[in-house]
Amino acid sequence: MTADALLRVEGVSAGYRDMTVLHGVTFAARAGTVTAVAGANGAGKTTLLKTVLGLLPAVAGTVLLDGAPVTRAPVAERIALGMGLVPEGRGLFGTMSVADNLRLGGRAAGVRGAALRAAVDAALAPFPDLAAKLNVPAGRLSGGQRQMLALARALVPGPRLLLLDEPSMGLAPKVWSELLVLIRRLADEGRSVVLAEQKIRPVLEISDRCVVLQRGRVVYAADAGSEAAERHIDSAYLETAMDPGSHHG
Ligand SMILES: Nc1ncnc2c1ncn2[C@@H]1O[C@H](COP(=O)(O)OP(=O)(O)OP(=O)(O)O)[C@@H](O)[C@H]1O
């Protein structure tokens, strides 16, 4: 499984100034697949995605893209190598139009001119609803459309690895299931999608693999559809529910 993985995370520890959150996290994600990262509130999902992209430094372990270590590479270099992140809360500019938000996604990654126009068009292809709203301020879109815009913006530089942090946030269940179908399609086109969610059940339906985090440790990393995945998810969430001191919020 790991030999031809697009992303490999090996023994990664990371966290904040006075607190290690991730402890020796190991998993791999292949092109053309969806990897669900499950874990209760505070388990370390956001910390993991930020460490993969380089927003947080790994204090131990290695992050590899296509077999090459990027652990010390700055964020911009990882983006240039094919990583993209849709952050929790989406990070859109509400007063800017859909088109400007998309262009910004490309420019931030160094795409300009005719290449930028082509990249924006390509990123819009999976989202016809958005293509019809190019001049609308992002803040006036519905929640589902805003999440589509955040996804499309991340697609502009042409990432091969798409990291999605809590994309269901604020979405009605029906909108969320529609978005999951789109996310699956993004993977089927050849990308590797790593999707962190607290409410993981609907995500498992479109996922190939599942990584379960419990207090910053991987307690399961294998098939998304197995009974073992279910068991580990149940026990990880149950333990957190029974021991509120182990998490926050
Ligand atoms: N900027 C920060 N500074 C210090 N500690 C932080 C910071 N961000 C998160 N933490 C702590 O790191 C731990 C893991 O948080 P993280 O956000 O990675 O969890 P999560 O699994 O993504 O949870 P959620 O579902 O709430 O987003 C928590 O204990 C949290 O309090």
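Counting starts at 1 for both ligands and their atoms, in listed order. Numbering of residues begins at 1 and proceeds along the displayed sequence.
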N or O pair under 3.5 Å between Gly42 and ligand 1: yes
Minimum non-hydrogen distance to atom 25 (O) of ligand 1, winning option of Gln198, Met169, Lys199: Gln198
ILVMFWY network linking Phe127 to Leu149, side-chain heavy atoms under 4.5 angstrom: yes
Numbered atoms of ligand 1 (with element) below 4.0 Å of Glu88, judged on heavy atoms: 27 (O)
Atoms in ligand 1 with a heavy atom of Thr47 nearer than 4.0 Å: 14 (C), 15 (O), 16 (P), 18 (O)
Polar side chain donor-acceptor pair, Ser97 to Asn135, under 3.5 angstrom: no
Proximity of Val21 to ligand 1 by residue part, where a heavy atom lies under 4.0 Å: side chain
Numbered atoms of ligand 1 (with element) below 4.0 Å of Glu166, judged on heavy atoms: 25 (O)
Check ion pair Lys199-Glu197 (N to O, under 4.0 angstrom): no
Mode of Arg17 contact toward ligand 1 - side chain, backbone, both, neither (heavy atoms, under 4.0 Å): neither
Ser177 side chain vs Pro173 backbone, donor-acceptor pair below 3.5 Å: yes
Enumerated ligand 1 atoms positioned under 4.0 Å from heavy atoms of Thr46: 17 (O), 18 (O), 20 (P), 22 (O), 27 (O)
Short side-chain to backbone donor-acceptor contact, Asn101 and Phe93, under 3.5 Å: yes
Nitrogen or oxygen atoms of Gly44 and ligand 1 under 3.5 Å apart: yes
Atom pair CD/CG of Glu227 and Asp223 - distance to nearest 0.5 Å: 12.5 Å
Salt bridge Asp234-Arg201, side-chain N to carboxylate O under 4.0 Å: yes
Residue portion contacting ligand 1 (non-hydrogen atoms closer than 4.0 Å) for Ala40: backbone
